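Structure first, commentary second.
One-based numbering, in listed order, for ligands and for the atoms of each. Keep in mind the model is a prediction, meaning the values are calculated, not measured. All values below come from the heavy atoms of this structure, side chains included, with hydrogens, waters and symmetry mates left out.
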Amino acid sequence: MIVTTTELFKLAYGKFAVGAYNINNMEQALGLFQGHLDAQAPFIIQISKGARKYAGVKMLEAIIRACDGEFPEAVYAVHLDHGDEQTCNECIDSGFYSSVMIDASHETFEENAAITRRVVEYARAKGVSVESEIGMLGGVEEHVSVDEKHAMLTDPDEAKAFVEQSGCDSLAVAIGTSHGAYKFSGNQSLHFDRIAEIQKRLPGFPLVMHGSSSVPKDEVEKINRYGGQLDPSARGVDESEFAKAIPLGVTKVNIDTDGRLVWMRVHREHFYNDPKNFDFRKPGAEYIKAYADFIVNKSKALLSAGTLPEVQAALGAAVQ
Ligand code: G3H
Ligand code: 13P
Ligand code: ZN
């Protein structure tokens, strides 16, 4: 059942974080649904502009609708990740997306708030939730590249003013994470003091953490053992930090890179061990299973595992 992120966040705030995962193809979608039913957790499917271009808007929608039929117990939101205003409006018009992210964080504060306000007004009429972003995450987004060293943490007073001016339903904040596999060079962690300051100004308001992949060391090692050439110093967010961020208002946690690493590890390992195979369904099936297992573990770290029955009861989903 597709629900809005706002509905999910009301149930999750302070207790668990809803995992938001990007999909581009059928295998990712199957692993995502299977994993969340195994974990008994609600979730958010994220679709980037790149994914819409790669698979096609209609194909992604068809894949998700087919999964919905196969996994009728699932409770999830369909969300546009890092959208511009035009793509947000297209997704709102489609009637399929229950949530959009307008990312105008590269604009000035005033311009970002004004663009977000327009999207919010358009989305409200159709019951779609809106996430926006202020502050600059390090790493690479679709349209902007910011050196990690110069990445700015979100200013708590600005966050409050931004929410008031824009009317957005959730806010992506820069609290030490960045996109991609190379987030940290040393022993950095999330900036909990900053998250706490933002929560003080915005009590009860859902905060979103982008760039939350953990980039597990053993995954990187395996990828390199089977022919990959990732920088072995690649590091991500320590999973144990999610539980500390959740009481501070972090309610949505975005993960894409880790899923790509699972894909790379499974396929490299498969073809290394079975170089003569040309049936792509064999590694495909291994990947779906590995991705589902990965989702189960991630749901435990996000404290969302086991919450599905209460979410179904609260949102009126049919229990199979
Ligand atoms: O933050 C961006 C996500 O990882 C999506 O990546 O734009 O390559 O689909 P993508
Ligand atoms: P990662 O690159 O850490 O997986 O972050 C993904 C993300 O923020 C998508 O919006
Ligand atoms: Zn992001």
Side-chain angles (χ1 to χ4, degrees), residues 5 17-25 27-29 31-32 43-57 59-60 63 77-84 87-88 91 97 99-106 130-146 148 151 154 168 170-184 188-190 206-217 219-220 230-231 234-239 241-242 245 250-265 291 294-295 297-298 301-302:
T5 45
V18 188
Y21 303 88
N22 294 68
I23 68 154
N24 294 270
N25 63 20
E27 287 80 3
Q28 281 182 305
L32 198 59
F43 60 103
I44 297 167
I45 299 179
Q46 304 209 118
I47 298 173
S48 70
K49 284 188 288 173
R52 285 163 63 86
K53 198 166 161 213
Y54 170 70
V57 171
M59 182 60 73
L60 289 171
I63 289 170
V78 179
H79 174 80
L80 169 69
D81 190 29
H82 292 288
D84 52 29
T87 314
C88 283
C91 291
Y97 289 68
S99 178
V100 292
M101 175 192 188
I102 171 68
D103 182 358
S105 59
H106 49 288
V130 179
E131 171 185 329
S132 191
E133 173 179 329
I134 58 165
M136 293 287 239
L137 285 115
V140 179
E141 291 183 8
E142 280 183 7
H143 55 282
V144 63
S145 171
V146 191
E148 192 189 329
T154 297
C168 63
S170 60
L171 187 65
V173 284
I175 46 180
T177 62
S178 62
H179 291 105
Y182 306 103
K183 300 183 195 303
F184 301 130
Q188 296 94 329
S189 77
L190 300 180
L207 305 176
V208 179
M209 202 162 84
H210 281 245
S212 304
S213 279
S214 298
V215 194
K217 212 173 163 38
E219 200 76 321
V220 173
L230 295 180
D231 183 338
R235 280 200 53 228
V237 178
D238 180 344
E239 264 185 6
E241 295 195 333
F242 295 148
V250 170
T251 315
K252 173 173 180 271
V253 168
N254 283 18
I255 295 162
D256 185 19
T257 297
D258 278 350
R260 296 180 186 205
L261 294 180
V262 175
W263 187 92
M264 235 205 300
R265 187 252 303 161
Y291 194 46
F294 160 85
I295 292 289
N297 288 329
K298 206 55 103 173
L302 295 172

Check: N22 N/O within less than 3.5 Å of ligand 1 N/O: no

A174 backbone acceptor or donor facing T154 side chain under 3.5 Å: yes

Under-4.0 Å heavy-atom contact with ligand 1, by part of R260 that carries it: side chain

Student check: side-chain heavy atoms of R260 and S213 closer than 4.5 Å: no

Which segment of H82 sits under 4.0 Å of ligand 1 when only heavy atoms are counted: side chain

Atom name, H210 (N, O or S, nearest to the Zn ion (ligand 3)): ND1

Backbone of V215 reached by a side-chain donor or acceptor of D258 within 3.5 Å: yes

Heteroatom distance test (H179, ligand 1): nitrogen or oxygen, under 3.5 angstrom: yes

Sub-4.0 Å heavy-atom environment of ligand 2, residues by chain: N22, Q46, D81, H82, H179, G180, K183, H210, G211, S212, S213, N254, I255, D256, T257

Location of contacts on D81 toward ligand 1, heavy atoms closer than 4.0 Å: side chain

Under the salt bridge (charged side-chain N to carboxylate O under 4.0 Å, His left out) test, residues paired with E239 that sit two or more places apart: K298

Any side-chain heavy-atom pair of L230 and L261 under 4.5 Å: yes

S99: which of E131, H79, K252 passes side chain to side chain donor-acceptor pair (under 3.5 Å): H79

Exam field: side chain S105 to backbone I134, donor-acceptor pair closer than 3.5 Å: no

Which of the ligand 1 atoms, numbered from 1, are nearer than 4.0 Å to a heavy atom of D256: 3 (C), 4 (O), 5 (C), 6 (O)

Sole candidate of Q46, M101, M209 that passes side-chain contact (heavy atoms from CB on, under 4.5 Å) when paired with N254: Q46

Heavy-atom check, side chain of H179 versus side chain of H210, under 4.5 Å: yes

